[in-house]
Protein chains: 2
Amino acid sequence: MKKDPTATRTKIMNAAKTLILDNGFGGTTVDAVIERAGVSKGAFFHHFSSKAELGHILVKRYAENDAQHLDETLDKAEELSDDPLQQLLIFVKLFEQEMRSLEDPFPGCLYASYIHQSELFDDRIKELIRESMLKWRIRVKAKLEEVVENHPPKQEVDLESLADMLLVIFEGAFVLSQSLKEAKTVAQQLAHYHTYLQLLFEEKG
Amino acid sequence: MKKDPTATRTKIMNAAKTLILDNGFGGTTVDAVIERAGVSKGAFFHHFSSKAELGHILVKRYAENDAQHLDETLDKAEELSDDPLQQLLIFVKLFEQEMRSLEDPFPGCLYASYIHQSELFDDRIKELIRESMLKWRIRVKAKLEEVVENHPPKQEVDLESLADMLLVIFEGAFVLSQSLKEAKTVAQQLAHYHTYLQLLFEEKG
DNA sequence: ATTATAATACCGACTAGTTGGTATGTTATA
DNA sequence: TATAACATACCAACTAGTCGGTATTATAAT
């Protein structure tokens with residue numbers, strides 16, 4: 001019987017994440033988490049002082065991965081072109097490809113799960129989610145500001161909300177994908193965002 | 001102290017709806033509902049055989065209102081123009097105006113709330129939500145098919161997912177609006193959908 | 001109109017089971 | 001052998017739901 005504290009911790013967190021995405025935080029019990037993780041109650045409360053703390057640490061880990069994913073994808077897009085518009089279009093395409101490769105509907109976004117039960121969480125957690133979402137706004141908006149320097153939009157648009165639209169489409173498409181049980185939804189919606197950006201900024205040939 | 005069963009029932013349902021949108025179904029207790037509604041436990045279980053039944057009836061009422069709202073708004077738009085494209089653009093604008101008139105972030109969508117705790121609900125409820133969402137797809141897609149007859153799209157697009165995009169934007173914008181505490185988000189995002197449709201289908205002057 | 005009858009609407013203490021969390025013990029590892 | 005990493009038994013608070021009873025309203029015969 002060997003012990004691996006980091007593995008135990010991870011098992012608990014992964015089990016909790018899955019359960020929370022299916023049942024929500026309020027609908028997820030500690031007993032259910034430890035059963036799925038295959039650990040004892042003692043182990044759980046050894047690693048986490050409370051269910052609330054688990055909720056906090058879980059979304060913190062999620063936010064870190066999310067921010068990293070955002071940065072990496074944008075970096076990758078920037079390497080593949082010099083033109084800001086092309087970079088942005090590639091950026092969206094990379095997400096689209098990623099989502100198109102999924103066979104099942106995306107399991108869901110922890111931010112959205114928490115937001116839909118926001119009164120169960122304290123302000124620190126809500127602020128963390130807010131700032132994580134703002135990172136998307138900031139990075140995409142900055143890129144959009146580069147874009148408009150050389151590609152005047154065909155119609156007057158607000159760049160901040162246009163930047164937000166990417167995350168809006170992610171979150172909305174996750175919901176529809178889950179409800180309609182259609183895995184392709186997210187990729188399709190990202191494709192529309194891609195087309196929208198093209199129509200707005202690409203010069204006619 | 002006079003009795004009004006319909007009023008009691010409504011008070012319970014409204015209280016439950018608010019609490020569920022804030023805490024989720026799993027995070028909402030019957031005690032919390034009856035306290036907010038100002039009724040006794042006996043009254044609650046006189047009107048609803050279980051918490052689960054309340055959840056079912058609640059989303060049924062919500063779906064009925066939603067379908068009616070969809071129909072009414074589309075009817076209104078169809079009265080204001082003869083051209084399918086203009087009808088569609090007006091349709092979106094009507095929602096945009098409605099959302100712009102809100103001072104606080106929209107309290108949220110019950111469909112999304114349920115979907116984010118889908119394992120707490122039986123298949124009947126999930127099917128009801130699915131069909132409610134498909135109503136949006138069907139009606140908007142039908143209108144889009146009218147549109148393309150006279151207005152060829154500037155880029156090739158899939159009409160079904162373009163129809164879905166309206167609901168996607170609603171759901172996604174609700175999440176961001178709530179998290180960022182910005183009431184204007186939903187209207188702004190609908191405006192982008194409006195612009196996208198214009199760029200896709202409107203002839204250049 | 002009045003009153004007997006019955007049905008509905010409602011109350012709140014109670015219960016069986018569940019919840020998050022703790023106390024105390026056992027096992028592995030440094 | 002000291003400490004971290006677990007396991008087990010347990011607890012107090014809370015949970016959905018019940019139950020015996022009361023108040024109000026509807027019905028209908030007088």
Side-chain angles (χ1 to χ4, degrees), chain A residues 1-59 61 113-114 117-122 124-125, chain B residues 1-59 61 113-114 117-122 124-125:
Chain A
M1 188 71 113
K2 69 172 187 179
K3 294 189 177 180
D4 189 345
T6 4
T8 304
R9 222 182 134 83
T10 307
K11 274 199 299 182
I12 293 173
M13 291 178 72
N14 291 345
K17 186 190 168 188
T18 305
L19 286 170
I20 289 172
L21 287 177
D22 282 351
N23 309 318
F25 186 79
T28 301
T29 68
V30 174
D31 281 342
V33 171
I34 65 174
E35 195 194 327
R36 180 171 238 274
V39 304
S40 71
K41 203 157 221 186
F44 181 97
F45 283 101
H46 174 74
H47 286 284
F48 305 97
S49 69
S50 68
K51 186 190 167 189
E53 194 196 70
L54 169 66
H56 189 183
I57 292 177
L58 206 59
V59 75
R61 182 186 73 164
S113 176
Y114 279 42
Q117 333 213 121
S118 54
E119 290 312 300
L120 301 181
F121 303 100
D122 60 41
R124 272 172 32 255
I125 290 182
Chain B
M1 192 67 122
K2 70 172 186 175
K3 293 190 178 184
D4 187 344
T6 5
T8 304
R9 225 182 132 80
T10 307
K11 273 199 298 181
I12 293 172
M13 291 178 73
N14 290 345
K17 185 189 169 189
T18 305
L19 286 170
I20 289 171
L21 287 177
D22 282 351
N23 309 319
F25 186 78
T28 300
T29 68
V30 173
D31 281 342
V33 171
I34 64 175
E35 195 194 326
R36 182 171 235 274
V39 303
S40 71
K41 200 155 225 185
F44 180 97
F45 283 100
H46 174 75
H47 285 283
F48 305 96
S49 69
S50 68
K51 187 190 164 189
E53 193 194 74
L54 169 66
H56 189 181
I57 292 176
L58 206 58
V59 75
R61 182 185 71 165
S113 175
Y114 278 41
Q117 332 213 119
S118 53
E119 290 312 300
L120 301 181
F121 302 99
D122 59 40
R124 274 175 28 258
I125 291 182

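In what follows, every chain begins at residue 1, and chains take the letters A, B, ... in the order their sequences are listed.
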Grab the [atom1]-[atom2] distance between [X] and [N] for me, whole Å please.
X	N	atom1	atom2	result
B:Ile34	D:dT15	CD1	C1'	12 Å
B:Leu120	D:dA16	CG	C1'	14 Å
A:Asp31	D:dT8	CG	P	14 Å
B:Glu53	D:dG17	CD	P	10 Å
B:Asp4	D:dT25	CG	P	10 Å

Quiz item: Who are the salt bridge (Lys or Arg N to Asp or Glu O under 4.0 Å) partners of A:Lys11, not counting sequence neighbours?
Solution: none
Self-check item: Which residues share a salt bridge (Lys or Arg N to Asp or Glu O under 4.0 Å) with A:Glu119, sequence neighbours left out
Solution: A:Lys126
Quiz prompt | Where B:Leu120 and A:Asn23 come nearest, the two heavy atoms and their spacing | solution = CD1-O, 3.5 Å
Quiz item: Can you name the nearest heavy-atom pair linking B:Gly24 to B:Ser113, along with the distance?
Solution: CA-OG, 4.3 Å
Quiz prompt | By ring pair (Phe, Tyr, Trp, His ring centres under 6.0 Å) - contacts of A:Phe48 (at least two apart) | solution = A:Phe44
Quiz prompt | Which residues share a side-chain hydrogen bond (donor to acceptor under 3.5 Å, both in side chains) with A:Arg36, sequence neighbours left out | solution = none
Quiz prompt | Contacts of A:Glu53 that satisfy side-chain hydrogen bond (donor to acceptor under 3.5 Å, both in side chains) - sequence neighbours left out | solution = A:Ser49
Quiz item: Could you give the angle between the helix axes at the two ends of the helix from C:dA1-D:dT30 to C:dA30-D:dT1, with five pairs per end, rounded to 10 degrees?
Solution: 20°
Restricting to side chain to side chain contact (heavy atoms under 4.5 Å, CB included), what partner residues turn up for [X], sequence neighbours left out?
X	answer
B:Lys41	B:Val30, B:Asp31, B:Ile34, B:Phe45
A:Ala32	A:Leu19, A:Thr29
B:Ser40	B:Ala43

Atom pairs under 3.5 Å: protein N/O with N/O of nucleotides 2-4 of chain D:
none

Exercise. State, yes or no, whether a side-chain contact exists between A:Arg9 and A:Ile57 at a heavy-atom distance under 4.5 Å.
Key: yes
Quiz item: Do A:His56 and A:Phe121 come within less than 4.5 Å of each other through their side chains, counting heavy atoms only?
Solution: no
Quiz item: Going by number, which of residues 36-45 of chain A have a non-hydrogen atom under 4.0 Å from DNA chain C?
Solution: A:Lys41, A:Phe45
Quiz item: Under a 4.0 Å heavy-atom cut-off, which of residues 8-29 of chain B touch DNA chain D?
Solution: B:Thr28, B:Thr29
Self-check item: Phosphate contact (C:dC10 OP1 or OP2) by B:His47 side-chain N/O below 4.0 Å
Solution: yes
Exercise. Check the surroundings of atom NZ in A:Lys51: do more than 12 heavy atoms from other residues, nucleotides or ligands lie under 6.0 Å from it?
Key: yes
